[in-house]
Amino acid sequence: MPLRILVVEDDPESGRFICRGLREAGHVVDAAIDGKDGLALAMQEDYDVVVLDRMLPGLDGLSIAKTLRSCGKPSAILFLTALNGVNDRVQGLDVGGDDYLGKPFAFSELLSRVHALGRRPPLRPDGEILSAGDLTMDVESRLVKRGNERVDLQPKEFDLLEVLLRNKGRIVTRTMLLERVWGFHFDPKTSLVETHISRLRAKVDRPFGKTLIQTSRGSGYTINDVA
């Protein structure tokens, strides 16, 4: 099935190469060569996948990803960039990226990753409400409340809470969170999960005096109706 893809790449030669290959694979492809145009297209259209460079004129790739996620755009984001250290990958995935591929790259791997992202089922059905106790999440509008009070979350905090709520009453392991929230299929040897759980608890649990997010030592985390 053809995918609708946006390629945001400021190097003309690379951009043409990527777009040509994706079109030859049967996909519908739009392109932008700077960040502002890329963001405008991504906001106007419903793309299945956005292939996004990080170092762009006008607006950098991280800012584009943050904006798309804060506005609730569901397009899968694949960062394709020369910034390929562990911290760079963590940054990209942390702001809402779904996958991260470093340059130089093999087009066959890029195409495989694009296809994998395109096969993902929709994670956020319209009108879906998730809950635990007095905590509610409107998945479509990305609105989180504890009782009647709104809780403002960063994109990865929201994604982390969504995974916990979708597995309410079940233990979610650190490995599962790394895969489902950050797209890591390896352990980055950082405190990424622990740091974000701590931030999430500071917003969702601590101000309200009742704990919903529990730690199962040596296993992972769970969220339950009863504190």
Side-chain angles (χ1 to χ4, degrees), residues 3 5-9 18 35 38-39 42 47-56 59-106 109-124 137 139 142 144 152-167 172-203 213 220-221:
L3 299 173
I5 302 170
L6 173 64
V7 176
V8 189
E9 168 61 67
I18 295 167
L39 178 60
Y47 292 100
D48 297 300
V49 181
V50 177
V51 179
L52 183 62
D53 195 0
R54 278 190 55 172
M55 297 180 290
L56 294 164
L59 191 66
D60 67 276
L62 292 181
S63 298
I64 293 172
K66 286 180 183 178
T67 302
L68 294 178
R69 293 301 180 239
S70 67
C71 295
K73 295 294 285 186
S75 305
I77 298 173
L78 168 59
F79 280 104
L80 180 65
T81 174
L83 297 175
N84 196 33
V86 170
N87 289 336
D88 298 317
R89 297 197 299 273
V90 169
Q91 280 184 326
L93 296 168
D94 200 26
V95 299
D98 296 282
D99 201 353
Y100 203 104
L101 181 60
K103 297 178 180 178
F105 64 95
E109 182 178 4
L110 171 64
L111 185 61
S112 178
R113 289 175 182 245
V114 166
H115 287 166
L117 292 174
R119 287 194 300 268
R120 289 187 179 181
L123 295 177
R124 300 181 170 91
M137 170 186 284
V139 180
R142 298 181 71 85
V144 176
D152 292 320
L153 300 178
Q154 295 298 314
K156 284 304 179 189
E157 294 167 354
F158 182 95
D159 294 343
L160 180 57
L161 180 59
E162 183 180 354
V163 173
L164 292 173
L165 287 171
R166 290 189 183 279
N167 293 275
V172 182
T173 67
R174 185 175 183 275
T175 299
M176 290 168 63
L177 291 172
L178 284 169
E179 290 181 349
R180 297 183 188 184
V181 178
W182 286 274
F184 281 151
H185 300 288
F186 62 94
D187 189 342
K189 305 299 182 183
T190 70
S191 59
L192 188 65
V193 172
E194 293 78 8
T195 297
H196 279 76
I197 287 286
S198 177
R199 291 175 183 171
L200 188 59
R201 282 175 165 152
K203 295 179 179 182
I213 301 171
Y221 305 93

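As the structure is a prediction and not an experimental result, all values here were calculated from the model. The figures that follow rest on heavy atoms only: side chains count, while hydrogens, waters and symmetry mates do not.
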Q: Starting from the C-alpha separation in whole Å, work towards a yes-or-no answer on side chain to side chain contact (heavy atoms under 4.5 Å, CB included) for Leu3 and Tyr47.
A: CA-CA 8 Å; Leu3 299 173; Tyr47 292 100; over 6 Å; no
Q) For the atom pair CZ (Phe79) and CG (Leu101), what is the distance rounded to the nearest 0.5 Å? A) 12.5 Å
Q | Backbone N/O of Ala82 and side chain of Arg54: donor-acceptor pair under 3.5 Å | A | no
Q: Determine, stepwise, if the pair Ile197 / Thr195 fulfils side chain to side chain contact (heavy atoms under 4.5 Å, CB included).
A: CA-CA 6 Å; Ile197 287 286; Thr195 297; over 6 Å; no
Q. Rounded to the nearest 0.5 Å, how far apart are CZ of Arg69 and CG of Asp159?
A. 7.5 Å
Q) More than 12 foreign heavy atoms under 6.0 Å from NZ of Lys66: is that the case here? A) no
Q) With a 3.5 Å cut-off and no angle check, do the side chains of Tyr221 and Arg201 form a donor-acceptor pair? A) no
Q. Are Arg199 and Glu157 ion-paired here, with the side-chain N under 4.0 Å from a carboxylate O?
A. no
Q: Verify, without hydrogens or angle tests, whether Thr173 (side chain) and Met176 (backbone) share a donor-acceptor contact under 3.5 angstrom.
A: yes
Q: Mind checking the CG-CG spacing from Leu78 to Leu110? Nearest 0.5 Å is all I need.
A: 6.0 Å
Q) Which atom pair, heavy atoms only, marks the closest approach of Ala42 to Leu68? A) CB-CD2, 3.7 Å
**Q.** Side chain to side chain, Arg89 and Asn84, heavy atoms closer than 4.5 Å
**A.** yes
(Q) A side-chain contact here means heavy atoms from C-beta on lying under 4.5 Å apart; do Ile64 and Asp60 qualify? (A) no
Q. Would you say Asp94's side chain and Gln91's backbone share a donor-acceptor pair under 3.5 angstrom?
A. no
Q) To the nearest 0.5 Å, how far apart are OG1 in Thr81 and CG in Asp53? A) 5.0 Å
(Q) To the nearest 0.5 Å, what is the distance between CG on Leu56 and CG on Leu39? (A) 11.0 Å
Q. Does Ser198 reach the main-chain N or O of Glu194 with its side chain, forming a donor-acceptor pair under 3.5 Å?
A. no
Q) Going through the checks in order, is the side chain to side chain contact (heavy atoms under 4.5 Å, CB included) test met by Val114 and Val51? A) CA-CA 8 Å; Val114 166; Val51 179; 4.2 Å; yes
**Q.** Within 45° cone and under 6.0 Å: Arg142 NZ/CZ vs Phe158 ring
**A.** yes
**Q.** Side-chain heavy atoms of Val163 within contact of Val172, under 4.5 Å
**A.** yes
Q: Measure the OG1-CZ distance between Thr175 and Arg180 for me, rounded to the nearest 0.5 Å.
A: 11.0 Å
Q | Check: Thr67 side chain, Ser63 main-chain N or O, donor-acceptor pair, under 3.5 Å | A | yes
**Q.** Option passing side-chain contact (heavy atoms from CB on, under 4.5 Å) with Leu117 (candidates Ile77, Val49, Val50)
**A.** Val49
Q | Test log, rule side chain to side chain contact (heavy atoms under 4.5 Å, CB included), inputs Met137 and Leu161 | A | CA-CA 9 Å; Met137 170 186 284; Leu161 180 59; 3.8 Å; yes
Q. Got Leu200 and His196 here, is their nearest side-chain heavy-atom distance under 4.5 Å?
A. no
